[in-house]
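Each chain gets a letter, A, B and so on, in the order the sequences are listed, and its residues count up from 1. Because the structure is predicted, anything quoted here is derived from the model rather than measured.
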Protein chains: 2
Amino acid sequence: MSAPGEASKADLVHRQLKEEIELGELAPGTPLSELWLVERTGASRTPVREALRRLAAEGLVDLAPRQGARVSRVSLRSVRDLFDFRSLLEPAAMREATEAAAADPELRRVFAAMRTEFARTARRVPSQARSRAFYELADRFDWAIIGATGNEHLRRTIAELRPHTARLRNLSHVDPRRVEVSVTEHLRMCDALLAGDADEAAAAVADHLAQSLATIFRNLAVGPGDGVDLLG
Amino acid sequence: MSAPGEASKADLVHRQLKEEIELGELAPGTPLSELWLVERTGASRTPVREALRRLAAEGLVDLAPRQGARVSRVSLRSVRDLFDFRSLLEPAAMREATEAAAADPELRRVFAAMRTEFARTARRVPSQARSRAFYELADRFDWAIIGATGNEHLRRTIAELRPHTARLRNLSHVDPRRVEVSVTEHLRMCDALLAGDADEAAAAVADHLAQSLATIFRNLAVGPGDGVDLLG
DNA sequence: GGTATACAACTTGTATACACTGTTGGCCGT
DNA sequence: ACGGCCAACAGTGTATACAAGTTGTATACC
């Protein structure tokens, strides 16, 4: 309790790198030499190594045994895989959250408050600030869903996918019209969840994911072939 | 190709520990001091640490920040979570495998051969040897399904759950009658897969998992409460 | 001119020494 | 006898030195 940091240097390096990869500041394909990270972070090789291994386990870094680490690349294939997988997991999580909310008034209150915030966001004029505010709110919503998920495996797996999704958002530019639609999708999810309608809530998540994927593909569609790496 | 080991010491330690945990030789709750593992494995602390972190990421080891690692405990809750999660993932994987097999004659041949082996197993007299042979075959079947899964996330996640399942099997004793039923369940899966009936294949997996869970709960049911740790 | 080979720089893999924290047992005081 | 304090210990977190492998380049040879 008295620990100055509570977090080890490995934690700090891990968090910092994860954030930079998520934000796209470290572009896909960027080589991550341990020594370079040592200079950059001030930590020694041991915690840097640990952070790299963790990132590799999360799929944010590609690790080649004796030749170093790179920020993982993003292919059209990997995007499709990611969203297919999310489409499998997140409706299930939403179902659990819906049932949890039905049984827990406090949780219901939290989601009701978020619904109000989404509605308020919907009425704001489109702007970069609104987009930022929306995505920040959507993040909190997602975390609330994750938190309401009882199944440890499901919770951890979904949480591990989030940085990938966030990175995609940050690598492609935000489309204001997409925000418009996404707000209404979130309202639909909130309504179903608050109504205790698990099927509808799950369907809402699935639709939301399908729409997100379509938008991302539209904004990313560039390369000649399918297996082409987008960035890096 | 000329590398003497191809595998780093961290890999070796990781693999060894994983196997020992899976087999139950290292019981849940067993403290895993780094120094003890250093003596035990002959490697130095660095690879030992890396192996421990990896095992922790896989959920086979519980890591308490400044006080060491223990083999992760198994609770009724964790068993339920595991099987609920598998029930979400594996039918989806089976669907993918079914479609892959429909499109790939070579793959179909592999599964047909396995079906034959399952049938042969069914005709053997019940014995410990048959049980071992069956589980070895079932393992190969599972890996074939995993291998036929196109989605990287799905594949990796399912693969990561396998050691947990195997450990449960090894911690509870094998029930010969369960083997009997499980063989027929696998035959049903093979038939559906070879017939290209994805729905039936998925349903077969779901039933198989439900039966497995029921058996494990029957064989483990002991403790007073729900949250009670079984071993360690 | 092209190819093979030896070398050099750099990278990761491993071992070990040091720093710091949490725990445990005993001791003292009450 | 019981409870709290303190010190020795054990264990992890970190830094760094050393070993081994890989890649790219320059050079010699065909």
Side-chain angles (χ1 to χ4, degrees), chain A residues 1-18 20-21 26-73 229 232, chain B residues 1-21 26-73 232:
Chain A
M1 309 312 195
S2 64
E6 271 290 2
S8 67
K9 295 206 175 181
D11 286 335
L12 296 177
V13 174
H14 170 72
R15 187 152 37 188
Q16 178 186 336
L17 252 54
K18 185 156 117 182
E20 288 180 326
I21 293 174
L26 289 172
T30 305
L32 298 174
S33 144
E34 293 175 2
L35 262 60
W36 182 65
L37 292 173
V38 163
E39 290 179 4
R40 225 165 151 282
T41 62
S44 77
R45 274 187 66 205
T46 311
V48 163
R49 265 179 85 79
E50 186 177 326
L52 281 177
R53 308 317 249 235
R54 251 191 262 178
L55 291 167
E58 296 167 9
L60 291 172
V61 155
D62 287 336
L63 216 46
R66 286 232 177 225
Q67 47 199 78
R70 291 173 171 278
V71 178
S72 71
R73 295 171 191 281
D229 294 325
Chain B
M1 306 307 203
S2 65
E6 271 290 2
S8 68
K9 296 206 175 182
D11 286 335
L12 295 176
V13 174
H14 170 73
R15 187 152 37 187
Q16 177 185 338
L17 252 55
K18 185 156 117 182
E19 187 168 330
E20 288 179 329
I21 293 174
L26 289 173
T30 306
L32 299 175
S33 144
E34 292 176 1
L35 262 61
W36 182 65
L37 292 173
V38 162
E39 290 179 3
R40 226 166 150 281
T41 63
S44 77
R45 274 188 66 205
T46 310
V48 163
R49 266 180 83 81
E50 186 178 325
L52 281 177
R53 308 319 249 239
R54 251 190 262 177
L55 291 167
E58 295 167 9
L60 291 172
V61 155
D62 288 335
L63 217 46
R66 287 241 177 215
Q67 49 199 73
R70 291 172 170 278
V71 177
S72 70
R73 296 170 190 282

Distance-only donor-acceptor test, R45(A) side-chain atoms vs dG13(C) base atoms, 3.5 Å: yes
Quick one: label [X] by what it contacts on the DNA or RNA (base, sugar-phosphate, nothing), any heavy atom closer than 4.0 Å.
{"X": "T46(A)", "answer": "base"}
{"X": "L32(A)", "answer": "sugar-phosphate"}
{"X": "R70(A)", "answer": "nothing"}

Atom pair CD/CG of E20(A) and L60(A) - distance to nearest 0.5 Å: 12.5 Å
From I21(B) atom CD1 to L32(B) atom CG, the distance as rounded to the nearest 0.5 Å: 6.0 Å
Round to a whole Å and report the spacing from [atom1] of [X] to [atom2] of [N].
{"X": "L12(B)", "N": "dT14(C)", "atom1": "CG", "atom2": "C1'", "answer": "13 Å"}
{"X": "E39(A)", "N": "dA15(D)", "atom1": "CD", "atom2": "C1'", "answer": "16 Å"}
{"X": "E34(B)", "N": "dA17(C)", "atom1": "CD", "atom2": "C1'", "answer": "15 Å"}
{"X": "W36(B)", "N": "dG11(D)", "atom1": "CH2", "atom2": "C1'", "answer": "15 Å"}
{"X": "H14(A)", "N": "dT14(D)", "atom1": "NE2", "atom2": "P", "answer": "14 Å"}
{"X": "R53(A)", "N": "dT11(C)", "atom1": "CZ", "atom2": "P", "answer": "16 Å"}
{"X": "E50(B)", "N": "dT16(C)", "atom1": "CD", "atom2": "C1'", "answer": "17 Å"}

Within less than 4.0 Å of OP1 or OP2 of [N], is there a side-chain N or O belonging to [X]?
{"X": "R49(B)", "N": "dA15(D)", "answer": "no"}
{"X": "R66(B)", "N": "dT14(D)", "answer": "no"}
{"X": "Q67(A)", "N": "dG21(D)", "answer": "no"}

5′-ward residue of the pair G68(B)/G42(A) relative to DNA chain D: G68(B)
Which atom of S44(A) lies closest to which atom of V38(A), heavy atoms considered: C-CG2, 3.8 Å
Any donor-acceptor pair under 3.5 Å from S72(B) side chain to G59(B) backbone: yes
Residue among R53(A), R54(A), E58(A) satisfying side-chain hydrogen bond (donor to acceptor under 3.5 Å, both in side chains) with H14(A): E58(A)
Of the listed nucleotides dT12(D), dA15(D), dT14(C), the one nearest the side chain of P47(A): dA15(D)
